[in-house]
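Every value quoted in this text rests on a predicted model; they were computed, and no experiment measured them. Chain identifiers are assigned alphabetically (A, B, ...) following the order of the sequence lines, protein sequences preceding nucleic acid strands; residue numbering begins at 1 within each chain.
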Amino acid sequence: MAPSKFASVESAPPIEVFALNKAYVEDTFPQKVNLGVGAYRTDEGKPWVLPVVRHMEQKLAADETLNKEYLPVLGYEPLASAATRMLLGSDSASLKEGRATGIQCLSGTGALRVGAEFLAHIGKHSIVYSSNPTWGNHSLVFLNAGFTSYRSYRYWDAAKKALDFDGLMEDLRNAPENSVIILHACAHNPTGVDPTQDQWRQIADLIEERRLFPFFDSAYQGFASGDLDRDAWAVRYFDSRGFEMVCAQSFAKNFGLYNERVGNLTFVAKDRSVIEPVRSQITLLVRANYSNPPNHGARIVGTVLNDPVLTEQWKSHIKTMADRIISMRLGLRERLEKLETPGTWNHITDQIGMFSFTGLGPLAVDKLIADHHIYLLKGGRINMCGLNTGNIDYVAKCIHEVVTTTQEASL
Amino acid sequence: MSLISSLKIFSPSSLNTTQNALSVVSSRANSWWSHVEMGPPDPILGVTEAFKRDTNPKKMNLGVGAYRDDSGKPFILPAVKMAEAEIAKKNMDKEYSPISGSPEFCKATINLALGEDNEWTKNGLNATVQGISGTGSLRIGTAFLSAFFPGGKDLYMPTPTWGNHVPLAKHAGLGVKQYRYYDPKTCGFDFHGALQDIAKIPERSMILLHACAHNPTGVDPKPEQWAEMSKVIKEKKLFPFFDMAYQGFASGDIDKDAAPVRMFLKDGHQIALSQSYAKNMGLYGERAGAFSLICSSKEEAAATMSQLKIIIRPMYSNPPVTGARIATEILTNPSLRSQWLKDVKGMADRIISMRQLLRSNLAKEGSSRDWAHITDQIGMFCFTGMTPPQVEKLTKDFSVYLTKDGRISVAGITSKNVEYLAHAIHQVTK
């Protein structure tokens with residue numbers, strides 16, 4: 001047999017979050033805790049399919065008028081328009097003036113990718129910035145989409161366990177004109193630290209002054225505070241300032257539809273005349289990538305968002321999830337402070353959303369995994385959803401144990 | 001004097017207009033996007049749009065390639081309905097799928113292509129990942145080949161080929177070249193032209209092959225012709241990339257339709273393969289498909305698998321499950337599987353009988369042209385051999401909508417409209 005064409009292909013390094021999950025699954029320790037993968041869990045530690053989702057699936061299954069025909073290239077229009085309206089608010093000037101449009105995409109990642117490809121191929125942007133740290137996939141999405149330079153702006157101040165606002169502003173001030181700036185709309189992943197409203201205003205001023213292009217990543221609208229409008233404040237502020245921008249939206253967390261890949265790319269322009277040309281160019285990009293997006297999840301979200309009663313029901317589910325996370329934050333902080341664990345722990349309740357940057361160093365993290373079977377990412381990020389009334393005492397105790405017995409460079 | 005006459009008097013209303021005009025001008029000027037041109041309209045969508053606007057009650061849409069039943073309606077396969085009921089009972093969660101899709105789905109899919117007991121899957125030689133239907137699977141494949149194929153980066157495609165193959169390949173960074181395929185003189189396979197062109201392809205290049213039901217022509221090589229092509233492709237050390245979007249849908253027989261793929265593997269080729277469930281399971285909008293590489297060792301399969309995941313993650317992280325769950329349920333549940341085989345044969349049989357009816361009705365109309373290709377060709381599409389002016393007349397005079405190249409989607413023909421169609425085609429071609 002002829003030598004294989006692919007004999008020289010090397011094995012790629014495993015992706016951290018999935019490798020971590022695999023290790024957790026294979027662990028037989030009865031008290032193991034998974035604080036890795038970002039998916040919501042109930043207080044019983046189980047995945048939660050939202051009741052409104054189950055209801056919709058039954059309704060869709062019984063609807064004889066539905067079929068499995070292709071969606072348009074740019075997706076299910078009721079979903080796209082409702083998602084854009086949910087993000088910008090029905091008072092949005094850009095929405096009212098026909099300057100904002102939505103495109104259904106393959107969840108948040110897919111929306112980031114389509115947006116990035118558009119900005120690179122059509123907008124001819126080549127430099128992108130994201131926060132340091134940021135979601136692990138940002139750099140890969142943009143570089144694979146055609147950007148040639150991926151850079152970071154300072155974000156996490158490890159010493160203060162807070163936002164390094166001065167560092168952020170300095171780095172953006174030094175960004176070349178036309179750079180695309182990835183901004184986490186709320187519930188920053190992985191730190192959980194968001195700018196204040198006043199800081200957002202300053203960021204907007206700077207982006208405008210330096211002619212940078214804002215690209216919002218909104219994966220947690222509603223899921224962060226429990227309030228859709230509150231979580232959209234930053235995006236809506238930029239919109240009210242008249243920025244042109246894009247925003248990748250995910251319905252993975254706030255609808256619990258992780259595996260249906262429901263997302264939306266909102267595009268806001270200064271002038272409504274560019275909307276149709278932009279949509280036609282994005283159509284070509286999508287066609288060359290996957291032709292058209294999946295139906296099932298789109299119908300669920302699109303139907304709910306366009307039905308006031310179902311929307312109210314959904315909002316109550318979001319509040320349930322957000323409230324449980326907030327109570328876990330309170331619970332963990334209380335326990336650590338009660339145990340008098342060295343260091344300060346207010347950041348756990350100051351932070352928001354699914355994740356917390358604990359501030360634990362690599363040695364402490366290793367110990368938590370190896371000695372206590374508590375799984376978290378190397379950078380110290382924990383998924384608050386992995387905590388519940390059944391394991392929070394154990395986790396607090398173990399954090400206390402590793403912090404008091406580990407010599408790290410700084411905490 | 002002229003200066004005064006050229007002074008504009010600003011009344012409040014004109015001031016407003018001027019300001020509005022100025023703000024429109026300045027907002028376009030300030031926009032990042034004022035340079036963006038309208039992309040070319042999609043030819044196939046254009047056909048459907050024109051069809052929708054037509055008020056002729058006899059109008060026919062022979063443009064888009066989606067199956068229709070004998071009432072001209074979309075068809076949800078009974079096996080699919082049954083699978084959905086089974087899945088609903090299981091109350092499955094919505095957790096993230098693995099990047100490569102569920103292992104069950106991937107195994108069932110590659111086994112569908114290669115045969116249940118095939119030696120390649122048994123020996124762990126396949127790297128199989130779920131893709132966003134056929135397009136997405138081709139996208140993953142072309143991205144992988146662009147990054148890792150050790151030979152020439154041109155992908156050789158048949159003339160003609162599916163309209164999206166070219167942008168797909170180019171988007172992935174591959175060059176696009178052609179080999180002869182369709183013979184317009186016979187409306188059949190240009191076997192000798194294909195062999196000649198294939199023999200001229202530089203060694204260690206990639207060649208795209210439609211496994212069955214060639215899109216857009218419906219023209220497939222005969223088994224002995226496939227054997228010849230396999231020999232030449234092997235001699236020239238070319239890498240075969242199969243696009244199989246119609247397994248089962250072409251002849252009604254899943255093994256017959258997959259025969260070229262299996263033949264090439266038996267002949268010792270390493271191949272890439274893209275599969276789609278859009279047509280054969282009617283799962284169009286659920287986007288279920290897969291991309292596979294058949295490697296020479298388990299280790300190689302594992303290495304290529306890891307690289308495929310690296311390609312997928314920055315595209316969309318992980319695939320949508322609903323379509324894949326339906327396909328898996330059907331393929332792994334014996335009674336659903338046998339129901340599906342009936343369903344897909346039913347679709348194929350209806351298409352074949354429409355071909356036969358069209359041909360016989362054309363004869364009845366008194367057409368003296370040779371329409372044998374209508375029944376010689378196979379699958380969703382038929383390259384009628386009509387010229388653009390004839391196509392235009394067909395649309396204008398008879399409200400029959402099809403693409404300029406004379407391609408018709410046989411799925412759009414029913415027992416109720418086939419006579420009308422034959423009459424119309426005869427009128428424009430006699």
Side-chain angles (χ1 to χ4, degrees), chain A residues 1-2 4-12 14-15 18 37 39 47 49 53 57-58 61 67-71 106-107 109-110 113 122-123 137 140-141 144-145 213 244 256-261 269-271 273-274 276-278 280-281 283-284 287-297, chain B residues 24 27-28 30-34 36-39 42 66 74 76 84 88 93-97 99 132-133 135-136 139 148-151 164 167-168 171 237 239 268 270 282-287 293 295-297 300 302-304 306-307 309-310 313-323:
Chain A
M1 181 151 61
S4 165
K5 298 246 171 8
F6 299 112
S8 62
V9 173
E10 278 174 21
S11 214
I15 297 160
F18 295 103
V37 175
V49 178
V53 167
E57 290 196 308
Q58 284 162 8
N67 55 47
K68 300 208 177 292
E69 293 298 286
Y70 290 125
L71 283 176
L106 295 158
S107 206
T109 309
R113 180 59 179 256
I122 308 295
N137 208 13
L140 294 171
V141 171
N144 279 286
F213 188 92
E244 283 189 318
L257 284 175
Y258 305 93
N259 65 18
E260 300 290 0
R261 317 312 290 135
K270 280 195 163 64
D271 195 279
S273 67
V274 309
E276 278 318 303
V278 165
S280 77
Q281 293 295 339
T283 297
L284 296 175
R287 194 75 174 118
N289 273 297
Y290 55 87
S291 281
N292 45 74
N295 197 5
H296 187 70
Chain B
V24 166
S27 67
R28 267 200 74 84
N30 282 335
S31 171
W32 291 89
W33 312 116
S34 41
V36 177
E37 281 172 16
M38 277 298 288
D42 184 306
I76 301 189
E84 285 179 317
D93 65 35
K94 298 290 186 196
E95 294 299 285
Y96 286 122
S97 163
I99 298 174
I132 311 291
S133 206
T135 309
R139 176 77 180 94
F148 294 103
F149 186 69
N164 208 16
L168 251 169
H171 194 72
K237 300 189 175 54
F239 179 78
Q270 265 186 283
L283 289 175
Y284 304 92
E286 302 299 352
R287 319 309 291 133
L293 285 163
C295 304
S296 64
S297 71
E300 205 175 279
T304 50
S306 71
Q307 297 294 352
K309 289 185 193 172
I310 299 263
R313 177 122 165 104
M315 284 183 177
Y316 51 84
S317 282
N318 44 74
V321 294
T322 289

For [Y], is there any backbone N or O sitting under 3.5 Å from a side-chain donor or acceptor partner on [X]?
X      : Y      : result
A/Q281 : B/E37  : yes
B/R287 : A/Y290 : yes
A/R113 : B/Y316 : no

Run the side chain to side chain donor-acceptor pair (under 3.5 Å) test against A/Q58 and tell me which residues pass, sequence neighbours left out. none
Correct closest heavy-atom pair for B/E286 and A/P294 would be O-CB, 4.3 Å
Looking only at heavy atoms, what is the nearest atom pair of A/R287 and B/N164, with distance? O-ND2, 2.8 Å
Approximate separation, where rounding is to 0.5 Å, of [X] [atom1] and [Y] [atom2]:
X      : Y      : atom1 : atom2 : result
A/E69  : B/Y284 : CD    : OH    : 6.5 Å
B/T322 : A/N295 : OG1   : CG    : 9.0 Å
A/N259 : B/K94  : CG    : NZ    : 6.0 Å
A/H296 : B/E84  : NE2   : CD    : 8.0 Å

Who among [options] has the most heavy-atom pairs with chain A under 4.5 Å?
options                       : result
B/L283, B/V321, B/L168        : B/V321
B/P319, B/A88, B/G323, B/A302 : B/P319
B/D93, B/I76, B/I99, B/T135   : B/T135

What part of [X] lies closer than 4.5 angstrom to a heavy atom of chain A: side chain, backbone, both or neither?
X      : value
B/E95  : both
B/T304 : both
B/A66  : side chain

Please lay out, stage by stage, how A/R261 and B/S317 fare under the test side chain to side chain contact (heavy atoms under 4.5 Å, CB included). CA-CA 9 Å; A/R261 317 312 290 135; B/S317 282; 3.4 Å; yes
If you count heavy-atom pairs within less than 4.5 Å of chain B, which of A/E276, A/K68, A/E57 leads? A/K68
In terms of heavy-atom pairs under 4.5 Å, which option from A/V278, A/L71, A/N289, A/V53 contacts chain B the most? A/N289
With a 4.5 angstrom heavy-atom cut-off, which part of [X] approaches chain B: side chain, backbone, both or neither?
X      : result
A/V49  : side chain
A/L284 : side chain
A/S291 : both

Any side-chain heavy-atom pair of B/P314 and A/N137 under 4.5 Å: yes
Is B/M315 close to A/N144 at the side-chain level, that is, under 4.5 Å between some pair of heavy atoms? no
